[in-house]
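Read the structure below first, then the notes.
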Amino acid sequence: MTRWFPCDARAVPQARTFARTTLKEWGITASDQVDDVLLCVSELATNALRHGTVANERFLVKLTENDARLRVEVHDPSRRRPRAQQPGVDDPNGRGLLLVSSLADGWGVEPRSPRGKVVWTEFKVAVEAGVTTSAGDAC
């Protein structure tokens, strides 16, 4: 499943809602897993909004599930690669990728053609029996 979001502060809660709805449709309902995924969606969407887009640009959130592995991708038009920070105790920012790294089973960054990047994170998930997931649309 994929969805584009505008360069707008409302995009982050909208991305969370999109992810929550998709997870529910796919039968991924374990609350601790869902909470971890939604927090990572928030962090990656916030990074795309703050560092990967400018006015009138958009970012894409893509969720796929295959063999009990959920992949969340956030595509943005910037080539600037994110890196985990080592914030001080009083620093108000810089913890997003540290949270993603601690909650997810893996994360990384790939180039996106024709420009930009994809920041992804993966989770091992439990899918309810009898629920079919979809790989979603190509972006």
Q: Determine, step by step, whether W120 and V72 satisfy the side-chain contact (heavy atoms from CB on, under 4.5 Å) criterion, reporting the C-alpha distance in whole Å, the side-chain angles of both residues, the deciding distance to 0.1 Å, and the verdict.
A: CA-CA 6 Å; W120 59 267; V72 175; over 6 Å; no
Q.
side-chain contact (heavy atoms from CB on, under 4.5 Å), that's the test. Do V61 and L63 meet it? Break it down for me.
A. CA-CA 7 Å; V61 176; L63 287 85; 3.7 Å; yes
Q | Residues L60, R3; criterion side-chain contact (heavy atoms from CB on, under 4.5 Å); working and verdict | A | CA-CA 6 Å; L60 175 84; R3 182 166 169 203; 5.7 Å; no
Q. Can you check side-chain contact (heavy atoms from CB on, under 4.5 Å) on V12 and L49, steps first, answer last?
A. CA-CA 8 Å; V12 174; L49 185 62; 4.0 Å; yes
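In this structure, L97 and W107 approach most closely via the heavy-atom pair CD1-CH2, 3.8 Å. Smallest separation of non-hydrogen atoms from A15 and A45: CB-CB, 4.2 Å. Among all heavy-atom pairs drawn from P6 and Q14, the shortest one is CD-OE1, 4.4 Å. Taking both residues in full, the closest heavy atoms of K124 and D105 are given as N-OD2, 2.6 Å, listed atom of the first, atom of the second, then distance. T64 and K62 make their closest contact through CG2-CE, 3.9 Å (heavy atoms, listed as atom of the first residue, atom of the second, distance).
Counting heavy atoms from C-beta outward, T53 and P77 have side chains that approach closer than 4.5 Å. Looking at heavy atoms from C-beta onward, V74 lies in side-chain contact with F59 at the 4.5 angstrom threshold. K117 has its side chain within reach of S78: a pair of non-hydrogen atoms, C-beta onward, lies under 4.5 Å apart. Side-chain contact check for L70 versus L23: some heavy-atom pair is nearer than 4.5 Å.
Taking 4.0 Å as the cut-off between side-chain N and carboxylate O, R71 and E110 count as a salt-bridged pair. Between R115 and E57, at least one side-chain N (NZ, or NE/NH1/NH2) sits under 4.0 Å from a carboxylate O, which counts as a salt bridge.
Side-chain N or O atoms of T21 include none that pairs as donor or acceptor with a backbone N or O of F18 at under 3.5 Å. The main-chain N or O of T2 is never found under 3.5 Å from a side-chain atom of E73 such that the two would form a donor-acceptor pair. A distance-only check finds a donor-acceptor pair linking the side chain of T17 to the backbone of P13 [under 3.5 Å]. Without hydrogens or angle criteria, K24 side chain to T29 main chain gives no donor-acceptor distance under 3.5 Å. Side-chain atoms of T121 never come within 3.5 Å of backbone atoms of C40 as a donor-acceptor pair (strictly under, hydrogens ignored). With hydrogens and angles ignored, the 3.5 Å screen pairs no side-chain donor or acceptor of D76 with any backbone N or O of A48. Here the side chain of E43 pairs no donor or acceptor atom with the backbone of T46 at under 3.5 angstrom.
For CG of N56, the number of neighbouring non-hydrogen atoms (other residues, nucleotides, ligands) closer than 6.0 Å is 12 at most. Within 6.0 Å of atom CZ in R69, more than 12 heavy atoms from other residues, nucleotides or ligands are found, so the atom counts as buried in its surroundings.
Hydrophobic clustering, with ILVMFWY side chains joined whenever heavy atoms are under 4.5 angstrom apart, keeps L44 apart from V118.
A donor atom on one side chain and an acceptor atom on the other are found under 3.5 Å apart for R16 and S42.
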